[in-house]
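Numbers here are sequence positions counted from 1. Below, all heavy atoms of this structure are taken into account, side chains as well, without hydrogens, waters or symmetry copies. Every value quoted in this text rests on a predicted model; they were computed, and no experiment measured them.
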Amino acid sequence: MAHLEIRNLRVEFPSRRGRVVAVDDVSLAVEPGDILGVVGESGAGKSTVGNAVIGLLEPPGEMSAGEVHLAGRRIDNLPDSEKRKLRGKRIGMIFQDPLTSLNPLQTIERQLVETIDLHLSTGEAAARRRAVDLLRQVGIPEPGLRVKQYPHQFSGGMRQRVVIALAVCAEPDVIIADEPTTALDVSIQAQILDLMRTLCRERDVAMLIITHDMGVIADITDRVAVMYRGRLVEQGATERILGSPDHAYTRSLVAAVPRPDVKLIRFPLVTYIEDANETPRNIDISRHWLGEARDFGGAAGGPLVSLDSLHMRFVTRRSVFRRNRAYLDAVKDVSFDIGEGEVFGLVGESGSGKSTVARMICGLHVPVAGAIRFAGTDLTALRREADLDPFRRQMQMIFQDPFSSLNPRMRVLDIVAEPIRFHRLAGSRREVERIVSDLLEQVGLGAHAANRYPHEFSGGQRQRISIARALATRPRFLICDEPTSSLDVSIQAQVLNLLKDLQELLGLTMLFISHDLPVIRQMCDRVGVMLAGRLCEVKETEALFENPEHDYTRHLLGLMPRLTGLSRQGLELADRR
């Protein structure tokens, strides 16, 4: 008997413009010990399926048809009080956005202990020991110390590991994992996937894993279901789906996966479109607002960005007495240059200091030592806001977490228009609205998205809003902190091709931070590898991938998914593009 069975599921969202069908006639089953992967583009309905199973559809969404069975018992028609008893104990959920899954007012220990004691009745002391052990299992260093901290003190990847620990802490029968490795580097991803695989095999846990990462699908799943516009177009054994897909959409999706073995000029796009009249809009950037002349001034020649012996320290335990304080050295003696028009990649494990470096460059963190020079100006020596404003326009950042970086009370139009208005880059209201519409079209959302709010979009769509906002000032230097971590391969290809176009046509300089090594290989001119806050290797991209010198770099590259099951037809199609 299947642990989890979904029969003819249909989910609708009533609106003033009629009923929107998000999921239509989807049937899936997961046996004990099996891992079923659900893939598809952003907005295909993957997360909606998971939310319907656990009874957490966002209002006014509703199951208008179908049934959900857990170990032979129908659960979709249970009262809310009964469903709450199942969540955590029988069904664990790993949500897509780790920051909103954790209570910002409670320590990690409090949240883990409360969940463990509630469902397992172990007592508080045993629950505390189990909480520390779980953090150790999911790869968090110094778990005894970190368990006492709050969610905001963790990096995005480490928060995701905490969420995974919460999902498995009560030993559920079924785990629904919605993008569980989105913010994780390849090293921690390998640990997490191994942990999930072990849970399924040793405890007969059934797992439904929702992801856009084909590497995860190839590595961990037994079977794959492919969704397109709310419908199930194909499902079967992983090896068959990746090696010899039947549906044209699946073949196109497989072909769009970034190549880890060779650098291509362009990222291949998902070309399958059900409606022949619907074609993606391509804007000629050279004639677009983004391509207009930009007068930045500043020094010409030499590196645009130069970091000299940067050091960043955070206080992890406060005390009136200095000797009782505890510190974390997040970045230690980091130095590198980024030339004008160069794309510099930064890789390393979650918590290695990559995002901290980015935040120091754009002024969100003030280093305790070292210097940051931009176009010849030492930014660390500037203190007045009026002196910093001209440089802020020239630097923009795409943050790792799209949900927390967008104001939930503002329409998308106002979110994207805010930097344009602040820096007075356009005159009339109509001109601002035209610019915003073009930017939204360019990142693949469409002009109609302007009047909606962030909560109405999927995680991948919210990241596209963040990218549009970052482009709104026509920056000279773009910091991309995991910009495609929550994007499916089709939108990832569109966005990365856009960034390539911007870099080529506008001479855009980029710091590109990612745990996706195939993307780094395709995007970057040079790559720096960080380990425990230090820069251990800097090299030309192809030289780094073909002949790494540092042991840690070789370790990272060895963990990179090879996707050996991908169809020969799909790879040949990618080569032709």
Look at atom CD of Glu142 and say whether more than 12 heavy atoms of other residues, nucleotides or ligands are closer to it than 6.0 Å. no
Check this for me, if you would: do Arg201 and Asp222 make a salt bridge, where the nitrogen-to-carboxylate-oxygen distance has to be below 4.0 angstrom? yes
Could you check if a side-chain atom of Met196 sits within less than 4.5 angstrom of a side-chain atom of Pro180, using non-hydrogen atoms only? yes
Thinking salt bridges, do Asp194 and Arg197 make one under a 4.0 Å N-O criterion? yes
On the ring face of Tyr453, is Arg411 found with NZ or CZ under 6.0 Å from the centre and within 45° of the axis? no
To the nearest 0.5 Å, how far apart are SG in Cys480 and CD1 in Ile513? 8.5 Å
For residues Gln111 and Pro151, report the shortest heavy-atom separation together with the two atoms involved. NE2-CG, 3.9 Å
Atom CD of Glu67 and atom CG of Asp76: how far apart are they, to the nearest 0.5 Å? 6.5 Å
How far does CD1 of Ile372 sit from OG1 of Thr380, to the nearest 0.5 angstrom? 6.5 Å
Can you tell me how far the OG1 atom of Thr356 sits from the CD1 atom of Ile361, to the nearest 0.5 Å? 11.0 Å
Can we call the ring centroids of Phe344 and Phe512 under 6.0 Å apart? no
Greater than 12 external heavy atoms within 6.0 Å of Glu537's CD: yes
Check whether any side-chain N or O of Gln153 sits under 3.5 Å from a backbone N or O of Tyr150 as a donor-acceptor pair, and report yes or no. yes
Under the side chain to side chain contact (heavy atoms under 4.5 Å, CB included) criterion, do Ile209 and Leu36 qualify, and how do the steps go? CA-CA 6 Å; Ile209 183 166; Leu36 171 65; over 6 Å; no
Is there side-chain contact between Met207 and Cys200, with at least one heavy-atom pair below 4.5 Å? yes
Between the side chains of Arg84 and Glu82, is the shortest nitrogen-to-carboxylate-oxygen separation below 4.0 Å, so that they form an ion pair? no
Looking at Lys332 and Asp329, is there a salt bridge between them, counting it only when a charged N and a carboxylate O are closer than 4.0 Å? no
Counting N and O atoms only, with roles assigned by atom type, does the side chain of Thr238 sit under 3.5 Å from a partner on the main chain of Thr221, one being a donor and the other an acceptor? yes
Heavy-atom closest pair (Gly55 atom, Arg87 atom, distance to 0.1 Å) is O-NH2, 3.1 Å
Hey, mind stepping through Glu482 and His515 against side-chain hydrogen bond (donor to acceptor under 3.5 Å, both in side chains) and telling me if it holds? CA-CA 7 Å; Glu482 303 283 5; His515 64 264; 3.0 Å; yes
Name the atoms and distances for all side-chain donor-acceptor pairs under 3.5 Å in residues 163-174, with sequence neighbours left out.
from: Asp173; atom 1: OD2; to: Arg90; atom 2: NE; distance (Å): 2.4
from: Asp173; atom 1: OD2; to: Arg90; atom 2: NH2; distance (Å): 3.3

In terms of ring plane angle, is the pair Tyr552 and His550 parallel, tilted or perpendicular, where the classes change at 30° and 60°? perpendicular
Trace of the side-chain hydrogen bond (donor to acceptor under 3.5 Å, both in side chains) decision for Asp333 with His311: CA-CA 5 Å; Asp333 195 30; His311 192 104; over 6 Å; no
Quick one: pull up CG in Leu208 and CD1 in Ile6 and give me the separation to the nearest 0.5 Å. 6.0 Å
Flag, side chain of Glu31 to backbone of Ala206, donor-acceptor distance under 3.5 Å: no
Is any NZ, NE, NH1 or NH2 atom of the basic residue among Lys354 and Asp481 found under 4.0 Å from an Asp or Glu carboxylate oxygen of the other? no
Residues 358-371 vs salt bridge (Lys or Arg N to Asp or Glu O under 4.0 Å), sequence neighbours excluded, gives none
Interatomic spacing from CE in Met510 to CD1 in Ile398 - rounded to 0.5 Å: 8.5 Å
